[in-house]
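As the structure lists them, so they are numbered: ligands from 1, and atoms in each ligand from 1.
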Amino acid sequence: MTGRLHGVVAMDGPSGTGKSTVSRRLAAACGAAYLDTGAMYRALTLAVLRTGLDGAAPDAGSVAVAAADDLESVTDPSAPAILLAGEDVEAEIRGPEVTAAVSAVSAVPEVRTALVQRQRDLIAKAVASHGGIVVEGRDIGSVVVPDAPLKVYLTASEEIRAARRASQDRKAGRGGDTAAVLAAVRRRDRLDSTRKTSPSHAAADALVLDTDELSVDDVLAELLRLVRDRGLVT
Ligand code: DC
């Protein structure tokens with residue numbers, strides 16, 4: 001282990017940048033907790049779809065907010081999990097139905113307010129018990145923890161991100177046609193970065209890391225260097 005992380009590392013950026021993999025590995029390497037906030041938006045989206053509503057339905061927001069009380073996030077980086085009313089929904093929230101509907105549900109201001117509050121509570125608890133936490137999402141450095149001592153925004157070209165996502169989907173047995181994935185990536189980027197409430201963008205003081213030419217190991221090495229240089233591990 002590298003030493004123990006103190007405080008919060010905010011990891012933001014769109015999908016397909018390797019954010020989840022490197023965030024988990026960074027947390028594991030520094031004895032820290034790990035929180036995937038995208039999984040929380042996905043689980044509430046699943047709750048909406050299970051009622052038979054689509055993500056953009058007028059009542060979707062209130063169904064999602066009500067379901068937030070049933071949400072449980074396990075922040076152990078070696079076995080992260082998301083539970084909805086006690087049910088492990090990790091596999092189902094990665095499916096195409098949830099992926100297609102999550103941008104609409106996560107754009108509802110009341111849904112964001114409910115989840116940001118829960119995220120801040122989880123982060124405070126993890127810092128109290130572990131000392132540090134790596135949190136990944138779209139608005140962590142800009143909204144959820146604006147005073148995080150390290151904010152990183154991972155980027156990569158649309159094509160590279162779509163190819164990575166398609167390969168992940170194929171490995172998980174979920175199709176994985178690169179052209180279709182590229183169209184879905186473009187659509188979700190557009191919706192997430194143009195919504196009115198906390199659109200996805202790099203915080204002004206975030207370090208932007210382009211991962212087009214970087215492997216997961218390269219990104220992890222850079223993050224470990226950053227937490228050491230900033231005195232965040234002892
Ligand atoms: O990281 P992901 O692809 O699992 O995230 C799913 C969706 O949730 C993403 O399209 C945008 C939304 N999201 C968000 O609005 N804010 C976050 N902090 C995390 C995710």
For ligand 1, list all ligand N or O to protein N or O distances below 3.5 Å, rounded to 0.1 Å.
unit_1, atom_1, unit_2, atom_2, d
ligand 1, 1 (O), Arg138, NH1, 2.8
ligand 1, 3 (O), Arg42, NH2, 3.2
ligand 1, 3 (O), Arg138, NH2, 3.3
ligand 1, 3 (O), Arg188, NH1, 2.9
ligand 1, 4 (O), Arg42, NE, 2.7
ligand 1, 10 (O), Arg188, NH1, 2.8
ligand 1, 10 (O), Asp192, OD2, 2.7
ligand 1, 15 (O), Arg112, NH1, 2.8
ligand 1, 15 (O), Arg112, NH2, 3.3
ligand 1, 15 (O), Arg195, NH1, 2.8
ligand 1, 15 (O), Arg195, NH2, 3.1
ligand 1, 16 (N), Arg112, NH2, 3.0
ligand 1, 18 (N), Thr37, OG1, 3.0
ligand 1, 18 (N), Arg138, N, 3.1
ligand 1, 18 (N), Asp139, OD1, 2.8

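- Between the Arg195 side chain and the Ala107 main chain, no donor and acceptor come within less than 3.5 Å of each other.
- Ion pairing between Arg186 and Glu159 holds under the 4.0 Å rule for side-chain N and carboxylate O.
- Side-chain contact check for Thr37 versus Ile140: some heavy-atom pair is nearer than 4.5 Å.
- By the 4.0 Å N-to-carboxylate-O rule, Arg161 lies too far from Glu158 to be salt-bridged with it.
- Using a 4.0 Å cut-off between charged nitrogen and carboxylate oxygen, Arg94 and Asp36 count as a salt-bridge pair.
- Using a cutoff of 4.0 Å between basic side-chain nitrogens and carboxylate oxygens, Arg25 and Asp217 are scored as salt-bridged.
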